[in-house]
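Values in this document were obtained by computation on a predicted structure and should not be read as measured data.
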Amino acid sequence: MSTFIDGLSLGSIYALIALGYTMVYGIAKMLNFAHGDIIMVGAYAILVSLLAGGHPVTAIMISVVICTVLGMATEKLAYRPLRDASPLAVLITAIGVSYLLQSIAQLIFGAETRPVTIANFQPIQIGELRISVATLITLGVGAVIMAALTWFVNKTRLGRAMQAVSEDRGAAQLMGINVNMIITVTFAIGSALAAFASAFYLMQIPNTSPTLGSMPGIKAFTAAVIGGIGSIPGAMVGGVFLGVIEKISLSIPVLAPYTTAFEFGFLILILLVKPTGLLGKVRREKV
């Protein structure tokens with residue numbers, strides 16, 4: 001049971017990161033492979049804030065602000081000039097931004113791993129079940145964030161504008177929607193979610209390095225594809241699903257060394273059976 005709960009907690013982290021991937025793809029029709037490195041920036045922002053004597057909650061809020069501003073700046077400086085460029089040019093740019101952020105972090109903080117202790121939580125014992133408080137916080141806050149995002153996209157005027165841009169950018173622009181502003185807001189929301197994900201990640205693995213976001217970012221992208229890239233519910237389902245699979249695999253000694261291969265193998269299986277992902281929809285492209 002504790003393995004399943006830990007899997008839900010890890011899955012919540014993957015889901016928060018995957019939401020950034022799927023929102024940007026759904027609205028801007030691009031894969032932002034630098035998104036994983038926003039997590040790394042958030043982790044270092046928390047580290048610097050804590051070293052300066054800041055409260056953990058304050059450190060997380062500062063991280064959210066920094067990541068949000070960074071996401072908006074990245075979109076404006078790196079991606080907006082390529083709005084009408086080929087997908088390959090945007091993809092190469094995203095990879096370049098990723099390596100740029102990693103290199104800057106390495107120049108500032110060095111290549112070594114740095115410990116980051118947000119808080120020392122004592123586990124809760126319920127009978128024979130031992131649950132980490134960090135796990136409960138991740139599950140609770142993660143569920144609230146995802147529920148709030150779902151409400152925002154479905155019920156608010158800005159959220160409906162985001163859906164309109166996702167369906168048909170040209171028609172949305174003709175209806176008076178500021179497409180550039182909507183895409184910038186999407187990057188801001190995705191980057192803020194990445195900051196929260198970095199805080200939850202540090203609660204489970206209290207270390208950071210310039211390459212911190214690489215593997216979580218790739219796995220979160222895998223979760224987004226499993227759930228259906230471009231689908232917000234799909235990103236949530238895919239993230240939780242992948243986290244549970246990872247924790248169950250790690251708990252089985254025979255499978256533990258091959259956990260990552262098992263996860264990506266499952267991705268291939270899903271795509272063979274349902275190419276659009278679990279909750280993805282087939283889109284008709286106009287020619």
Side-chain angles (χ1 to χ4, degrees), residues 4-33 35-36 39 87 138-156 158-169 172 182-183 185-187 189-194 196-197 200 216-249 260 262-286:
F4 180 74
I5 294 175
D6 289 342
L8 290 177
S9 175
L10 180 61
S12 297
I13 297 173
Y14 288 156
L16 288 174
I17 306 170
L19 284 169
Y21 279 110
T22 205
M23 288 179 67
V24 169
Y25 179 81
I27 294 174
K29 298 297 183 289
M30 62 163 288
L31 296 175
N32 180 22
F33 279 115
H35 186 65
I39 305 166
T138 301
L139 284 173
V141 179
V144 170
I145 290 174
M146 287 185 275
L149 179 64
T150 302
W151 174 85
F152 171 80
V153 171
N154 293 324
K155 300 297 182 180
T156 67
L158 185 57
R160 288 192 290 270
M162 293 169 70
Q163 294 183 58
V165 174
S166 175
E167 289 294 329
D168 192 323
R169 186 187 302 178
I182 293 296
I183 294 176
V185 170
T186 303
F187 269 84
I189 294 174
S191 299
L193 293 175
F196 280 109
F200 297 146
I218 292 174
K219 289 186 177 180
F221 175 70
T222 301
V225 175
I226 288 175
I229 190 73
S231 168
I232 290 178
M236 298 177 189
V237 171
V240 171
F241 199 69
L242 195 69
V244 171
I245 288 177
E246 180 171 331
K247 285 298 183 179
I248 291 176
S249 299
T260 301
F262 186 68
E263 290 173 301
F264 289 113
F266 187 78
L267 167 66
I268 295 172
L269 179 62
I270 288 291
L271 292 180
L272 288 174
V273 176
K274 198 172 188 299
T276 57
L278 295 175
L279 300 181
K281 297 179 181 179
V282 177
R283 291 178 178 267
R284 295 181 181 270
E285 297 291 339
K286 296 180 180 180

As an exercise, state the distance from CG of Leu242 to CG of Leu10, rounded to the nearest 0.5 Å. 7.5 Å
Any heavy-atom pair between the side chains of Ile232 and Met146 that's under 4.5 Å? no
His35 (side chain) donor-acceptor with Gly217 (main chain) under 3.5 angstrom: no
So do the side chains of Val225 and Ile270 get within less than 4.5 Å of each other, counting heavy atoms only? no
For the residue pair Ser166 and Lys29, establish whether any side-chain heavy-atom pair is separated by less than 4.5 Å. yes
Determine yes or no for a side-chain-to-main-chain donor-acceptor pair under 3.5 angstrom, with Thr22 supplying the side chain and Ser231 the backbone. yes
Please list all pairs passing the salt bridge (charged side-chain N to carboxylate O under 4.0 Å, His left out) test where one or both residues lie in residues 219-245, with sequence neighbours left out. Lys219-Glu246, Lys219-Glu263
Give a yes or no answer on whether the side chain of Arg160 reaches the backbone of Val153 with a donor-acceptor pair at less than 3.5 Å. no
How are the rings of Phe266 and Phe241 set to each other: parallel, tilted or perpendicular (split at 30° and 60°)? tilted
When rounded to the nearest 0.5 angstrom, what is the spacing between CD1 in Ile13 and OG1 in Thr138? 5.0 Å
Carefully, step by step, assess Leu149 and Leu193 under the rule side-chain contact (heavy atoms from CB on, under 4.5 Å). CA-CA 10 Å; Leu149 179 64; Leu193 293 175; 4.0 Å; yes
Rounded to the nearest 0.5 Å, what's the gap from CG on Leu269 to CD1 on Ile226? Could you check? 9.5 Å
So does Phe264 have more than 12 non-hydrogen atoms from other groups sitting under 6.0 Å from CZ? yes
Please round to the nearest 0.5 Å and tell me the distance separating atom CG of Asn32 and atom OH of Tyr21. 7.0 Å
Kindly compute the distance separating OH (Tyr14) from OG (Ser9), expressed to the nearest 0.5 Å. 11.0 Å
Would you name the heavy atoms of Ala220 and Ala18 that are closest together and state the gap between them? O-CB, 3.3 Å
Within this structure, what is the CG-CZ distance for the pair Leu19 and Phe196, rounded to the nearest 0.5 Å? 13.0 Å
Taking only residues two or more places apart in sequence, or in another chain, which ones meet Leu158 in a side chain to side chain contact (heavy atoms under 4.5 Å, CB included)? Phe152, Thr156, Met181, Ile182, Val185
Above 12 or not: heavy atoms from other molecules or residues under 6.0 Å from CZ of Phe33? yes
